[in-house]
Each structure stands twice: as structure tokens, then as C-alpha cells.
Amino acid sequence: MEYKPQDIEAKWQRTWEEQGLFKAKEEGKKIYVLEMFPYPSGRIHMGHVRNYTIGDAIARFLRFKGYSVLHPMGWDAFGLPGENAAIKQGVHPADWTYENIAYMKKQLKSLGFSYDWDREIATCDPEYYKWNQWIFLKFLEHGLAYRKSAEVNWCPNDETVLANEQVIDGRCWRCGTPIVRKEVPSWYLKITAYAERLLEDLKELEGKWPERVIAQQKNWIGRSEGALLKFFVEDTAIEVFTTRPDTVFGATFVVLAPEHPLTLKLAKSPEVKAFVERMKQKSTRERGIEEEKEGVFLGVYATNPATGEKIPVWTANYVLYEYGTGAIMCVPAHDQRDYEFAIKYGLPIKQVIKPYQGEAPKDRAYEDPGILINSAHFSGMDSTEAKRAITQWLKEKGLGDFKITYRLRDWNISRQRYWGTPIPVVYCDQCGIVPVPEDQLPVMLPYKVEITGHGNPLEKVPEFVHTTCPKCGGPAKRETDTMDTFFDSSWYFLRFCDPKNAQRPFDPERVEFWMPVDLYIGGIEHAVLHLLYARFFQKFLYDLGLVKDKEPFLRLITQGMVLKRWVSIERFLKYLEEKYGVENLEERELEELVELIKRDMKG
């Protein structure tokens, strides 16, 4: 009997849908199986199929085992591709997005995946992003959302801000354009307030998440124990964080990041300003990988808090303002970067630690533990013990203290784009920043908007911008930035538990039944993006008493990536000849065949 998939598969898929076989029932023993929902780019690709097939096989198996299985699907639908499509194709982002959703949904259904389509969500629906805005207001209410003007990562191609996590090797995570630094007023979420919990709770995921993902999150959070020391330039204190207070007696100069507020304030020459301007043109990545250490003397001297000696203050390309305090004490005898800088500019090198055995190298820094020398009454002490002793000594003198810092920085959620969730605040000349009341949510995206790819489209929509202040009733202006799309995906797994709720983001009792996600499947490229943000949201909602679990995803599978192999046309034609016996085809016919195959593959 001939197998006709278009008939047979469609028949049984209709039967499954009519009988509601895949609808999740809140009874018995539950299992929540979830694959990371897709961006509706227009077509399902093999990466999607690999991901969803894994989840579908597991969901079907567990249903057969008698579990109540929640296996939903939705769309991560806001973002720049929709806006870029509007620019290139002259179609509205909403129309483009919903057309893609319809097509991709049809593709997924034809593949027979066992989704509960009654729970389908799209983050660009007002019914969904209303609750983005509600959650933002809760962050604001609890002091975890704030606005400030600061130097940020800026993508000159997309003309928008990027969070640190969205800069991959110095480039925009979305389009690959090298980022630049630019000062922009933006909204931030204080994820740093959760840094210690985000780190500590990774212990609960050991053995359940891939070790590589856990390691990436630990590294990104970047907890460091050390000391905060004060190097005074007259009455101005330069605060320096160091993990090596045991080497402070060997600090022979101080370096400020070019962006540090004190750099130009303390500078005594125009040469410094020129250097700072030149550094602003370089991305963080460029400065981070430059082998050539480069700097300028500020013309002032700071006091080493341990020795009382006056040491020069410089600015240099290898110190970044966003790490630590943006200022470092430089101990060239025991830090290789400082050593290279000191050699280049003829700065003093003072050894204060000797190896347990043998002598320190003469041509490079000695960075390992050892015994203190040239360190006043601490000489002879083991360097590991000296860290605490020296810090305590400086603390008693008011020149230092114990300090824990994190590499993690607060999350910039402002995007100067149209196709995203409007940030629900207004600006009033009388009242300042005023949150939009909950009963006025959602703040709707206007449909009529001109998108050119230059500047923020919402700024050019007067009926959206101009409003009244909810507090005093006077004239006010809406915030025209929209939210980073990672905001949308940081809680969608909770909405799947109660997707039709119009009164609140979800019913805590329904969430308590289904959560946590028992098995989460998706790409490892989200290790310090989506996965970190989702954990942050879960902990915040836990603090609000809306969820019972501290972690959203019990187990994680990173399914790997589907790669395509590129071959030359000559090798491809030879393959066709050997495989299909087309050696007698004329060259023109072969070219036509290749073009047909290429068009088919592209489609």
C-alpha cells in the first residue's frame, strides 16, 4: 500500500486535535516539558526541528507513562527583525510577524508535534505585554528599576542600546556589528541585587544542568573577594578594588580607566583629553584584546595607603570603567599587564612577594602566592594570610575595607526601537517620572508609525508621545523607549501555566501545580542571556509571593546546533554525477539543475 503522508498524517493530526489528546490537564502527577519558543522569522529550520523533536518524543513517552504533561508552544515575537523587515520590505512589523506566526504554526502542526495549542501565546499581543508592563511596575515599586544616563553599549547598525550580555566578542549579538560606547539615558533593572542568590542557587542545579552552562553563569556573575583601598590625591580619594591586598606595598602607580569621572578632573594636560576621546571610539572588546598597553600620565600623584609614598596616576587602555571601580593599583612585579606597562613607560617595579622556593623571574611578573618581603611588619608572612591581615590594618586606619564585587552589571532594558513593549512611565514637568497606573495598562503600541531605521520611531508619533500626567492631570510625555525583548522571555514559561488570565499575569495556584519546568530544551548560546534573566525574574516573583520555586528550570538540555557544510560547485556537480548519473547533461542543464536545487534549499 502506498504511503501518502499528506493524506494519512493530516487525517490523524485532525483526529488528535478533535479528541484533544494533547491538552494539559491539571490532575495527577505532572510533568512540564518545554522547548525555548521561537522567534517568528518566517520559516521553521532544522535547528527548530531538532529541538522540538527532542521535546516531543519525551512528552509523548511521559503521556504514555500516565503523567499529566504540559507541552506548550508560543512565539517570542517582538524584536528588531520585525522592524528590519518593515524597512526592507515595506510591510508593518505586526503584519509581518503575524503572517510568519501563521505560516510557522502550520509547519509545526504538519510535523505532528504534540503541543497544547490552546495555550499558545505571542509576546507581541497586548494581552501578554500588558503583564510585561505590570512586572516592570513591580520592579519600579520595589526599587529594582531605575533610570540613569550612562555610557552604554551602542549598536550603530541597529541604533539601539545593548546589555553587556548581548555583546558577544565586542559585537552586537543580533547583527554582528562592532559596538561603540555612547552616553544615553536608559532604564535599568537591578539584577546585581540578586547576584549572590543567582550564584548560590546554581548549587541546586548541579547534576541537572550542563556543567558548561553553570560554569558560564558563574563566570559571568564573577564574584570576587578582596579589598577596597583608598589612594588619595590631596583631598580626592581614588577607590581601588583588588583581590591582591597582599601586594599593596609593591604598588608603584595607579591607573584610571579613560571613562572614569576623575580622569579628566585630575588631568593636567590636553594630551589626556585627546587620549580619552580616542579611547571612546574603541569598543570594550577592542580595548580588552589589544596587546599593546597604552596610556598617558595625568600629571598628579596619589598616596599609597600602605607606604605613604607618592606614586603617579595614569590613564590606560587596559583598564575598563565597568569592571571593579574603574581604577586599579598597579603592582608590576606581581601582575603581568602592569609589568608590561611599567617596562614600556619606565615605571618602578618593586618586588614584595618571593616564591616559597627559588627566585622570582627577572623578565616577567611573579603572580603566584609566596612570602612577603619589603612589606614593613608584614614581611615574612604567607601572602594568603597577609591578604586579610593587611586589609584589616588598612581598615583600622580608615584607608580600606573588605569588599565583595561582581562582574555582573545591572541590566539595561531600554531599546530605541518601535517593535517592543512600551515602558509604562510618563515624564511630567511638575511631578517628574510617574508610573502609569495599573488600571491604565496596557500602554498600547500605536499601529500607525513610520519606520526608517534611523532614530526611535515612537518619538515621531505625537498622539503616542503627548499624554496627561496620571498624578496631576497636567501635560506629560510618554517614555518612547521600548523594552529589551529578553524581558518578554524572562517569564513566558509562567504564562503558559495560565495563558488566558485577564486579571493578573497568572494564577499562583495554577503555577504551583505546573512549575518548575521539569525539562527545558534549548541552545547553550542563551547561557548568560535568557537563562540568567529568567532565573532573576523567578527569584523576584518568588519574593513577591507569586511563585513557590526559587529556580524556574529543574533540568536543562542544550541540544547542540545543526550546521550546514559548504562545498564548491565543482565538488557538488561531481557528487551529482556519481550519485544520480547525470554525467551526460550539458553544462547549461547542470547549471539550471544547481539553480533549481539552490532555490529549493533557500525556500
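Note that the structure is predicted; figures quoted are calculated from it, not measured.
- Put simply, the side chain of Asp56 never gets that close to the backbone of Phe113: no donor and acceptor are under 3.5 Å apart.
- Taking each heavy atom of Pro424 and Leu441 in turn, the nearest pair found is CB-CD2, 4.0 Å.
- With hydrogens and angles disregarded, a donor-acceptor distance shorter than 3.5 Å links the side chain of Lys500 to the backbone of Asp118.
- When the shell of 6.0 Å around OH of Tyr406 is examined, it contains more than 12 heavy atoms from other residues, nucleotides or ligands.
- Here the side chains of Arg495 and Phe506 are not in contact, with every heavy-atom distance at 4.5 Å or above.
- Within the 3.5 Å criterion, the main-chain N or O of Glu26 finds no donor-acceptor partner in the side chain of Ser68.
- Ring pair Phe487/Phe537: centre-to-centre distance below 6.0 Å.
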Item to check | Stepwise salt bridge (charged side-chain N to carboxylate O under 4.0 Å, His left out) test for Asp543 and Arg197 | outcome: CA-CA 12 Å; Asp543 290 347; Arg197 289 167 63 183; 2.9 Å; yes
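- For the pair Arg63 and Trp16, the cation does not sit on the ring face, since its NZ or CZ is not both under 6.0 Å from the ring centre and inside 45° of the axis.
- The aromatic rings of Trp96 and Tyr39 lie tilted to each other, with the angle between the two planes from 30° to 60°.
- Under the 3.5 Å distance criterion, the side-chain polar atoms of Asp116 are matched with a main-chain donor or acceptor of Ala24.
- In Lys203, the NZ atom is not crowded: 12 or fewer heavy atoms of neighbouring residues, nucleotides or ligands sit closer than 6.0 Å.
- The shortest heavy-atom contact between Ile221 and Ala195 is CG2-O, 3.8 Å.
- Contact of the Phe136 side chain with the Pro422 side chain is not registered, since no non-hydrogen atoms from C-beta on lie closer than 4.5 Å.
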Next on the checklist: Please determine whether salt bridge (charged side-chain N to carboxylate O under 4.0 Å, His left out) holds for the pair Glu200 and Lys539, giving the CA-CA distance in whole Å, both sets of side-chain angles, and the decisive distance to 0.1 Å.
Outcome noted: CA-CA 12 Å; Glu200 184 66 21; Lys539 294 179 190 307; over 6 Å; no
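- In this structure, Glu450 places its CD atom where only 12 or fewer heavy-atom neighbours from other residues, nucleotides or ligands lie under 6.0 Å away.
- Contact between Arg535 and Leu202 at its shortest, heavy atoms only, is NH1-CD2, 3.4 Å.
- Between Phe493 and Phe553, the ring-plane angle classifies as perpendicular under the 30° and 60° cut-offs.
- When only modelled atom types and interatomic distance are considered, Glu479 and Trp187 share a side-chain donor-acceptor pair under 3.5 Å.
- At least one side-chain heavy atom of Leu531 sits under 4.5 Å from a side-chain heavy atom of Leu556.
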Item to check | Trp411 vs Phe486, ring pair (Phe, Tyr, Trp, His ring centres under 6.0 Å): CA-CA, chis, key distance, verdict | outcome: CA-CA 10 Å; Trp411 175 13; Phe486 279 98; 7.4 Å; no
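- In this structure, Lys208 and Leu554 have side chains that are in contact, with non-hydrogen atoms separated by less than 4.5 Å.
- Heavy atoms from other residues, nucleotides or ligands lying under 6.0 Å from CZ of Phe64 number 12 at most.
- Within the 3.5 Å criterion, the main-chain N or O of Arg43 finds no donor-acceptor partner in the side chain of Gln107.
- Gln416 places a side-chain N or O within donor-acceptor distance of the main-chain N or O of Val161, the cut-off being under 3.5 Å.
- Without hydrogens or angle criteria, Lys30 side chain to Trp514 main chain gives a donor-acceptor distance under 3.5 Å.
- A donor and an acceptor atom, one from each side chain of Glu551 and Tyr542, are nowhere located under 3.5 Å apart.
- Looking only at side-chain heavy atoms (C-beta outward), Gln538 and Asp201 stay at 4.5 Å or farther from each other.
- Residue Gln6 places its CD atom among more than 12 non-hydrogen atoms of other residues, nucleotides or ligands, all under 6.0 Å distant.
- Glu9 places no side-chain N or O within 3.5 Å of a backbone atom of Gly112 that could act as its donor or acceptor partner.
- Between Tyr52 and His48, the ring planes are parallel. Angles under 30° get that label, and only those over 60° would be called perpendicular.
- Taking every heavy atom of both residues into account, Gly74 and Phe496 meet most closely at N-CZ, 3.5 Å.
- Closest non-hydrogen pair, Ser41 versus Met104, comes out as N-SD, 3.6 Å.
- Tyr129 places a side-chain N or O within donor-acceptor distance of the main-chain N or O of Leu445, the cut-off being under 3.5 Å.
- In summary, the side chains of Asp484 and Asn412 do not present any donor paired with an acceptor at a separation below 3.5 Å, with no hydrogens or angles considered.
- Partner of Tyr128 under the ring pair (Phe, Tyr, Trp, His ring centres under 6.0 Å) criterion, chosen from Trp75, Trp491, Phe78: Trp491.
- Side chain of Glu35 to main chain of Asn51: no donor-acceptor pair is present (N/O by atom type, distance under 3.5 Å, no hydrogens or angles).
- In this structure, Lys550 places its NZ atom where only 12 or fewer heavy-atom neighbours from other residues, nucleotides or ligands lie under 6.0 Å away.
- No close placement of the Phe37 and His530 rings is indicated, their centers lying 6.0 Å or farther apart.
- When all heavy atoms of Arg504 and Asn501 are compared, the closest pair comes out as N-OD1, 3.2 Å.
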Checklist entry - Please walk me through it: do Tyr520 and Trp209 pass ring pair (Phe, Tyr, Trp, His ring centres under 6.0 Å)? => result CA-CA 10 Å; Tyr520 198 36; Trp209 280 31; 8.4 Å; no
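- Aromatic pair Phe513/Tyr32: centroids not less than 6.0 angstrom apart.
- In summary, the aromatic rings of Trp131 and Tyr492 are positioned with their centroids too far apart to meet the 6.0 Å limit.
- The shortest distance between side-chain heavy atoms of Lys138 and Phe540 falls below 4.5 Å.
- Aromatic ring orientation, Tyr115 versus His71: tilted (interplanar angle from 30° to 60°).
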